[in-house]
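Here's a structure for you.
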Amino acid sequence: MSKQEVILCENLEESLGHALEKCPHDKLFILTDEHTDRLCLPALKEVPQLKNAIEIRIGAEDIHKTLDTLASVWMALSEKGATRHSLLINLGGGMVTDLGGFAAATFKRGLAYINIPTTLLAMVDASVGGKTGINFNGLKNEIGAFAPANSVLIETEFLRSLDAHNFISGYAEMLKHGLISDKAHWVELLAFDTENIDYAYLKELVGRSVQVKEDIVEQDPFEHGIRKALNLGHTAGHAFESLALAQNRPVLHGYAVAWGVVCELYLSHIKVGFPKDKMRQTIQFIKENYGTFTFDCKQYEQLYAFMQHDKKNTSDTINFTLLREIGDICINQTADKDTIFEMLDFYRECMGC
Ligand code: GLY
């Protein structure tokens with residue numbers, strides 16, 4: 001997979017101008033959703049190359065990450081004469097960058113695209129690393145492809161208008177990057193004041209967080225090995241996310257990941273010796289910032305079934321990424337059903353539900 005250029009922008013319009021010059025194209029398309037069309041597109045109004053860009057707008061949020069929406073993007077590209085030499089800019093959160101990336105990867109067998117993520121989750125995770133796709137048959141990101149953007153342009157000024165829930169949701173992926181990288185980064189993330197945000201400092205933290213992801217993706221773009229480190233918190237997290245959806249009380253992805261981290265640090269502690277004090281400090285931060293996802297032991301079987309259906313797993317084996325220490329990653333760890341139920345007991349006990 002080709003390496004993508006990731007830029008932490010000082011001036012988004014200038015960075016986009018440069019990115020467009022590096023990527024010759026016959027037609028330019030820009031994909032927005034109903035929010036980014038209004039809130040973010042105006043930030044690009046001075047870019048001369050965008051004057052003739054054709055806008056394609058889709059509905060916002062995960063409910064629109066569907067085959068129908070994808071088909072509507074393919075249709076717009078087709079009707080407006082996109083060729084294999086056209087270029088698509090995806091301006092939005094993870095839903096827009098994932099779906100737009102997949103539309104670009106598949107239309108006429110692939111055209112170039114640029115991601116401009118507008119949410120914290122998309123900046124530190126979704127828009128970087130080339131995973132694209134849509135939800136299908138009730139399963140998240142079930143259809144997709146690895147297809148890196150030519151450039152990812154990160155403008156943290158967009159975060160000033162992000163609501164608190166989406167901010168803290170994205171922050172969970174940053175916390176995960178701290179846990180899988182090094183102690184100093186983990187310490188600064190736990191100390192960050194998430195209620196009175198210092199945006200200049202946040203930009204530095206976002207830069208470090210993206211670097212963690214880029215380093216890992218560069219080593220293992222197709223997730224055969226070390227990229228699985230990025231799945232910390234996600235095996236249990238996806239099960240919480242699916243249960244929440246099934247119970248009609250959907251939660252933002254990052255919240256589920258944070259609660260999944262609680263579970264998987266416990267497994268890390270009992271299976272590979274992750275230090276108890278660091279587990280407790282991380283859990284305290286998660287409790288304070290994410291609250292608790294409540295369930296009782298009657299839901300254990302259902303949560304276990306969701307873990308079995310996770311696309312990271314094969315047949316009966318449930319796979320986890322665990323940590324021996326901050327930054328000391330153990331991929332391909334498995335746990336049996338009794339241990340998983342014990343993990344859920346621990347979660348309920350320490351999170352108070
Ligand atoms: N979101 C995890 C990954 O990109 O591998």
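This structure is a prediction, so every number in the text was calculated from the model and none was measured. Both counts, for ligands and for their atoms, begin at 1 and track the order of listing.
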Subject >> Under-4.0 Å salt bridge between Glu10 and Lys203 >> reply: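 Salt bridge flag = yes for Lys203 with Glu10.
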Original post:
Is a salt bridge present between Asp296 and Arg348, judged by a nitrogen-to-oxygen distance below 4.0 Å?
Top reply: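 Here Asp296 does not pair with Arg348 in a salt bridge, since their nearest N and O are not under 4.0 Å apart.
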**OP:** Answer yes or no for His234: is there a heavy-atom contact with ligand 1 below 4.0 Å?
**Re:**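 No; His234 lies far enough from ligand 1 that no heavy-atom distance drops under 4.0 Å.
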**OP:** Pick one of side chain, backbone, both or neither for how Glu173 approaches ligand 1, counting any non-hydrogen atom pair under 4.0 Å.
**Re:**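 It is neither part, as no heavy atom is under 4.0 Å.
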Original post:
ligand 1 and Asn231, any nitrogen or oxygen pair closer than 3.5 angstrom?
Top reply: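 The answer is no, given that Asn231 and ligand 1 share no N or O pair closer than 3.5 Å.
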Original post:
Less than 4.0 Å between a side-chain N and a carboxylate O, is that true for Asp98 and Lys131?
Top reply: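 Looking at Asp98 together with Lys131, the answer is no, because their closest N to O distance does not fall below 4.0 Å.
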Original post:
With a cut-off of 4.0 Å, which atoms of ligand 1 are near a heavy atom of Glu223?
Top reply: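 Reading through ligand 1 atom by atom, the close ones are 5 (O).
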Original post:
Do Lys22 and Glu5 sit within salt-bridge range, that is, some charged N less than 4.0 Å from a carboxylate O?
Top reply: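 Result for this pair is yes, salt bridge flagged.
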Original post:
Can you list the ligand 1 atoms lying under 4.0 Å from a non-hydrogen atom of Asp125?
Top reply: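 Matching atoms, with element in brackets: 1 (N), 2 (C), 4 (O).
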Original post:
Do Asp125 and Lys213 sit within salt-bridge range, that is, some charged N less than 4.0 Å from a carboxylate O?
Top reply: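 Yes, Asp125 and Lys213 are salt-bridged.
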